[in-house]
**Student:** 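I'd like to ask some things about the structure below.
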Amino acid sequence: MSQIAQRLRILVADADLHTRDATMLALRARGHDVVALGEWPAIAEALSGAFDAIVADMVMAPLAHGEIVDRLRRAQPKAVLVVVSSGFLLTSRPVARAFGADAFIERPASMDTLEAAIARALSEHPSAAA
C-alpha cells in the first residue's frame, strides 16, 4: 500500500539494471507512473518532460560524483529529488544535499523507506506534485 495519496510521475535514474527495474516495478505496483532509465543521455532527454519526483543513484558514469544531482535539480527544479547511494563514499550525503537533493537514502533500503522519503520531501515542498 502506498504512503503517498496521489499518483506521481517518477523518474528512476540508476545505472544498475536490477535495482532500476525493481524500483520501477515496486513504484508502479503502488500506483505511480514510472520512467526508469540507466544511461545519462537517455535520462537527459527524458528530463524535457515533467516529473513530480526523481529517484537517482548518486553515481552515474560518465558524470563526476554528485554531478548527476546538480543536473537533475537544474532540469527539474520543482521535482522532489531523492538520492540513493551504497554509502561507499562518506561524503555522499553532504554532496547530495549541497547539489540540491531533498532526501538521501543509503542502500539497501526498503520500498517503504523510499516512499517515506518521497512523502516527507513532498510535504516539505508543497509546490511539487501540485
Side-chain angles (χ1 to χ4, degrees):
M1 177 163 197
S2 181
Q3 298 178 40
I4 303 169
Q6 75 256 42
R7 178 183 172 103
L8 300 178
R9 180 161 163 77
I10 301 173
L11 171 63
V12 175
D14 198 312
D16 182 77
L17 174 66
H18 299 296
T19 302
R20 182 175 67 244
D21 285 353
T23 303
M24 174 190 67
L25 292 171
L27 288 169
R28 282 184 179 167
R30 292 174 183 228
H32 302 295
D33 176 20
V34 182
V35 174
L37 300 166
E39 296 181 2
W40 176 249
I43 294 165
E45 187 175 324
L47 292 171
S48 63
F51 291 94
D52 302 306
I54 300 171
V55 177
D57 190 358
M58 183 73 182
V59 179
M60 176 76 58
L63 305 179
H65 182 67
E67 188 176 355
I68 188 168
V69 182
D70 183 50
R71 289 188 182 193
L72 292 170
R73 174 51 65 217
R74 289 174 189 263
Q76 296 279 323
K78 293 183 180 180
V80 166
L81 179 53
V82 177
V83 173
V84 293
S85 177
S86 60
F88 67 93
L89 294 172
L90 294 176
T91 59
S92 293
R93 184 180 305 268
V95 167
R97 291 291 192 171
F99 281 115
D102 297 302
F104 180 90
I105 299 172
E106 191 170 321
R107 287 190 179 132
S110 70
M111 191 51 50
D112 288 340
T113 300
L114 176 58
E115 255 202 341
I118 294 170
R120 252 189 328 276
L122 285 169
S123 70
E124 293 169 4
H125 298 89
S127 64

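Predicted model only: the values in this text are computed from it and were never measured.
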**Student:** Assess whether salt bridge (Lys or Arg N to Asp or Glu O under 4.0 Å) is satisfied between D112 and R30, documenting all intermediate values.
**Tutor:** CA-CA 11 Å; D112 288 340; R30 292 174 183 228; 3.0 Å; yes
**Student:** If I take atom CG from residue L47 and atom CH2 from residue W40, how far apart are they, to the nearest 0.5 angstrom?
**Tutor:**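 Interatomic distance, L47 CG to W40 CH2, rounded to 0.5 Å: 5.5 Å.
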**Student:** So, do D52 and D33 sit near enough that their side-chain heavy atoms are less than 4.5 Å apart?
**Tutor:** no
**Student:** Quick check: do L122 and L8 have side-chain heavy atoms less than 4.5 Å from each other?
**Tutor:** yes
**Student:** Might you point out which heavy atoms bring A117 and A103 nearest each other, and give the distance in Å?
**Tutor:** CB-CB, 4.1 Å
**Student:** Ion pair present between R120 and E124, side-chain N to carboxylate O less than 4.0 angstrom?
**Tutor:**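 Here R120 does not pair with E124 in a salt bridge, since their nearest N and O are not under 4.0 Å apart.
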**Student:** Quick one: pull up OG1 in T23 and NE2 in H18 and give me the separation to the nearest 0.5 Å.
**Tutor:** 12.5 Å
**Student:** To the nearest 0.5 angstrom, please state how far the CG atom of D14 sits from the OG1 atom of T19.
**Tutor:**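 Rounded to the nearest 0.5 Å, the CG-OG1 separation comes out at 5.0 Å.
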**Student:** From I68 CD1 over to I43 CD1, what is the distance, rounded to the nearest 0.5 angstrom?
**Tutor:** 4.5 Å
**Student:** Identify the heavy atoms of V69 and A101 that sit nearest to each other, and give their distance.
**Tutor:** CG1-N, 4.0 Å
**Student:** Quick check: do D70 and R74 have side-chain heavy atoms less than 4.5 Å from each other?
**Tutor:**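 With C-beta onward as the side chain, the pair touches.
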**Student:** Can you tell if the side chain of V55 reaches within under 4.5 Å of the side chain of I118, non-hydrogen atoms only?
**Tutor:**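 The answer is yes; the side chains approach within 4.5 Å.
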**Student:** Indicate the atoms forming the closest heavy-atom contact of L11 with F51, along with that distance.
**Tutor:**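 So the minimum-distance heavy-atom pair works out to N-CD2, 3.5 Å.
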**Student:** Show the nearest heavy-atom pair for residues R28 and V34, with the distance to one decimal.
**Tutor:**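 In this case the closest contact between R28 and V34 is NH2-O, 2.8 Å.
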**Student:** Less than 4.5 Å apart, any side-chain heavy atom of M24 and any of I10?
**Tutor:** no
**Student:** Which atom pair, heavy atoms only, marks the closest approach of A26 to M111?
**Tutor:**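 Heavy atoms of A26 and M111 come nearest at CB-CE, 3.4 Å.
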**Student:** With H32 as reference, evaluate R9, R7, Q6, E115 under the side chain to side chain donor-acceptor pair (under 3.5 Å) test and give the passing residue.
**Tutor:** E115
**Student:** Answer yes or no: is there an ion pair linking D57 with R20, defined by an N-O contact shorter than 4.0 Å?
**Tutor:**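 R20 and D57: not salt-bridged.
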**Student:** Is any side-chain N of the basic residue among R73 and D102 closer than 4.0 Å to the acidic one's carboxylate O?
**Tutor:** yes
